[in-house]
Amino acid sequence: MSLKSLAARLFAQKIYKKTQAWANSPVETQKAVFLNLIQTAKQTQFGKDHHFDQIKTYQDFANHVPVRDYEALKSYVDRVVKGEENILWKGKPLYFAKTSGTTSGAKYIPLTKESMPFHIEAARNAILLYIHETKNADFVNGKMIFLQGSPILEEKYGIKLGRLSGIVAHFVPKYLQKNRLPSWETNCIEDWETKVNAIVGETINEDMTVISGIPSWVQMYFEKLQQRAGKPVGAIFKNFNLFIYGGVNYEPYRAKFENLIGRKVDSIELFPASEGFFAYQDSQKEKGMLLLLNSGIFYEFIKSEDFFTESPKRHTIGEVELGVNYVLIISTNAGLWGYNIGDTVQFTSLKPYRVIVSGRIKHYISAFGEHVIGKEVEHALQEAMIGTTVRVNEFTVAPQITPLEGLPYHEWFIEFENEPTDFSSFAEALDNAMRKQNIYYDDLIVGHVLKKLVITKVAKNGFQDYMKSIGKLGGQNKIPRLSNDRSIVAVLNQK
């Protein structure tokens, strides 16, 4: 064992003990975070407007601070962007993570002196807990690659801004700099296809041991590697045994990845966002990701089925239940208060608190009252693929409300790597799996309100072409698994 590997294992033991301390006291940990947030922000403009000086309990907070999305918080954010101090959080932010908006154009998510370290520590700790559990630390001696956005930052009223992954690139520890790829120059390339080609050139002859990124874009990197070398990725990188990912569920990609790599590799799932780093996979043996309760974020949860009612009940960590779909609400040391990030989660464990990301509250199909969510379509596809040679590159689902003839239906747009030998049998298996996932969908099929789902093949690279056409190829961008209209599928390159 190398000295570097030994040091990593010792450090992993230390982080494991620290993690266990707060994970075993979840309610107390969250209470401490909550009180610190309120105390620190009392003299901010937001704190004064919402009577933070009167807040002593969580119920006081819920009474004074409504649940908001970015649009509802925008009047405060705009003042921060213009350089005003002490608006949402004390002083000014260190950075703004610039993301795509909805009705308001670009969104500027503040990153503060207090919040920024947790983005870095969480990713590091996920790897350290993997080392602690598996005792595998040999990969620290090889090269690591993190497929991310450009680290080139703009400046607005004295505050730097850019993509979150690009900002994080400025905080890579010195001890990782020599092992980290791609080069700074390559990382600064804006055009994604050009960038991936350059990354292939830089890495193809290196000893890559860890590869990280959103699965859909890592897949593109793997395909180009395979095309260049004429052999599986695992044969190019013989010591590659750890894949780190976030942003989307890996399972629909797993079979394709194992084919591209030529073998199975361990994986670590992360749940990062511009608004905060919320969870990471802390065990290879357990389902779900450890919710980070000690990272400057106070969590609330609203049941998805109640979210659009007039006064939905807000739950704290001690009140959540297993298997329920919750909208995730956060208050943070970056100055986001009662903030709806749009993601939905389900708890897989309450000791400790582990979650899976089940979808987006705005990304669902409920054209007929079925309220199908992302987790359900992903699980149905996985089940339908069991025992087959089918492999899927990408997919999305949309309702067909006004077919030319017959009943309406759910239409699955799938880009296959390996197509089914019998499309009708595969569609039948997929529909049956979907009916098991969602009882309301089953009722609609049984009641002849909907006919069984229809599969439409998408041409190779059809999803990449679509993302390129809307200026979102690569980086942290990803295809929504489903939508309640046909705006996406109307422009997909179909066969």
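Start at 1 with the first residue, then count along the sequence. Computed from a predicted structure; not experimentally measured.
The CD atom of Glu300 sits 11.5 Å away from atom CD1 of Ile317, with the distance rounded to the nearest 0.5 Å. To the nearest 0.5 angstrom, Asn294 atom CG is 9.0 Å from Lys18 atom NZ. To the nearest 0.5 Å, atom CD1 of residue Ile373 and atom CD of residue Gln437 are 8.5 Å apart. With rounding to the nearest 0.5 angstrom, the CZ atom of Arg254 is 4.5 Å from the OG atom of Ser267. The line from CG of Leu336 to CD1 of Ile341 is 10.0 Å long, rounded to the nearest 0.5 Å. Here CG of Asn24 is found 10.5 Å from OG1 of Thr19. Values are rounded to the nearest 0.5 Å.
Contact check for Trp89 versus Asn333: side-chain heavy atoms found under the 4.5 Å cut-off. No side-chain heavy atom of Gln346 sits under 4.5 Å from any side-chain heavy atom of Thr348. Counting heavy atoms from C-beta on, the side chains of Ser331 and Phe61 come closer than 4.5 Å. Contact annotation: the side chain of Met220 approaches that of Trp217 to within less than 4.5 Å [non-hydrogen atoms, C-beta and beyond]. At a threshold of 4.5 Å between non-hydrogen side-chain atoms, the residues Asn325 and Glu305 do not count as touching. Counting heavy atoms from C-beta outward, Phe347 and Leu291 have side chains that approach closer than 4.5 Å. Contact of the Val372 side chain with the Met434 side chain is registered, since non-hydrogen atoms from C-beta on lie closer than 4.5 Å. Residues Val233 and Phe257 have side chains not in contact (no heavy-atom distance under 4.5 Å, counting atoms from C-beta outward).
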Take Lys90 and Glu114 through the test side chain to side chain contact (heavy atoms under 4.5 Å, CB included) and record every step on the way to the result.
CA-CA 10 Å; Lys90 61 181 183 179; Glu114 290 78 14; 3.0 Å; yes
Verify side chain to side chain contact (heavy atoms under 4.5 Å, CB included) between Glu321 and Leu350, making sure each step is shown before the conclusion.
CA-CA 8 Å; Glu321 305 168 51; Leu350 302 183; 5.9 Å; no
Chi angles and distances behind the salt bridge (Lys or Arg N to Asp or Glu O under 4.0 Å) call for Glu394, Lys256:
CA-CA 10 Å; Glu394 193 59 272; Lys256 175 66 185 293; over 6 Å; no
Take Leu492 and Phe463 through the test side chain to side chain contact (heavy atoms under 4.5 Å, CB included) and record every step on the way to the result.
CA-CA 7 Å; Leu492 276 176; Phe463 284 98; 3.8 Å; yes
Pair Phe307, Asn340 - check side chain to side chain contact (heavy atoms under 4.5 Å, CB included), show working.
CA-CA 11 Å; Phe307 186 73; Asn340 169 25; 3.4 Å; yes
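Taking the six-membered ring where the residue is Trp, Phe423 and Phe416 present perpendicular rings, their angle passing 60° and hence far from 30°. Between Phe277 and Tyr280, the ring planes lie perpendicular to each other; the angle is over 60°, past the 30° to 60° tilted range. The aromatic rings of His51 and His64 sit tilted, their planes meeting at an angle between 30° and 60°. Below 30°, between 30° and 60°, or above 60°: for Phe222 and Phe243 the angle between ring planes is between 30° and 60°, a tilted geometry. Below 30°, between 30° and 60°, or above 60°: for Phe240 and Phe237 the angle between ring planes is above 60°, a perpendicular geometry.
Using a 3.5 Å distance cut-off with no hydrogens or angles, the side chains of Ser425 and Glu428 do not pair a donor with an acceptor. Gln219 and Asn393 share a donor-acceptor pair across their side chains, judged by distance under 3.5 Å alone.
Across every non-hydrogen atom of Ala137 and Ala8, the tightest pair is CB-CB, 4.3 Å. Annotation for Gln284 and Glu133: closest pair N-OE1, 2.6 Å, computed over non-hydrogen atoms. Scanning both residues, Ala126 and Ile268, for their nearest heavy atoms gives O-CD1, 3.9 Å. Between Gln39 and Lys42, the shortest heavy-atom distance links the atoms OE1-NZ, 3.3 Å. Between Leu35 and Lys56 the shortest heavy-atom distance is CD2-O, 4.2 Å. Listed here is the closest heavy atom pair of Pro93 and Pro110: CG-CB, 3.9 Å.
Under a 3.5 Å cut-off, the side chain of Tyr353 and the backbone N or O of Ala23 do not form any donor-acceptor pair. With hydrogens and angles ignored, the 3.5 Å screen pairs no side-chain donor or acceptor of Lys451 with any backbone N or O of His448. A donor-acceptor pair under 3.5 Å is formed between the side chain of Ser212 and the backbone N or O of Ile244. Looking only at distances, no side-chain donor or acceptor of Asp306 sits under 3.5 Å from a matching main-chain atom of Pro312. Formation of a donor-acceptor pair under 3.5 Å by the Asp431 side chain with backbone atoms of Leu453 is found in this model. The closest donor-acceptor contact from the side chain of Thr456 to the backbone of Phe413 lies at 3.5 Å or more, if one exists at all. Without hydrogens or angle criteria, Asn259 side chain to Ala255 main chain gives no donor-acceptor distance under 3.5 Å. Panel note: side chain Arg481, backbone Phe395; a donor-acceptor pair is recorded below 3.5 Å. Remark: side-chain polar atoms of Ser358 are not paired, donor with acceptor, to backbone N or O of Lys375 under 3.5 angstrom. For Asp60 (side chain) and Asn63 (main-chain N/O), no donor-acceptor pair under 3.5 Å exists by modelled atom type.
Atom NZ of Lys264 has 12 or fewer neighbouring heavy atoms from other residues, nucleotides or ligands inside a 6.0 Å radius. Annotation: Tyr16, atom OH; neighbour count of heavy atoms from other residues, nucleotides and ligands within 6.0 Å does not exceed 12. Atom CD1 of Ile439 has 12 or fewer heavy atoms from other residues, nucleotides or ligands within 6.0 Å.
For the ring pair (Phe, Tyr, Trp, His ring centres under 6.0 Å) with Phe298, the lone residue among Tyr339, Tyr58, Phe278, Trp337 that qualifies is Tyr58.
Considering only residues two or more places apart in sequence or on other chains, Glu376 meets the salt bridge (Lys or Arg N to Asp or Glu O under 4.0 Å) condition with none of them. The salt bridge (Lys or Arg N to Asp or Glu O under 4.0 Å) check on Asp282 picks up Arg354, with sequence neighbours excluded. By the ring pair (Phe, Tyr, Trp, His ring centres under 6.0 Å) test, His379 pairs with no residue at all, sequence neighbours left out.
Less than 6.0 angstrom separates the ring centroid of His410 from the ring centroid of Tyr441.
Ion pair Glu415/Arg391 not flagged as a salt bridge, since none of the NZ, NE, NH1 or NH2 atoms sits closer than 4.0 Å to an Asp/Glu carboxylate oxygen.
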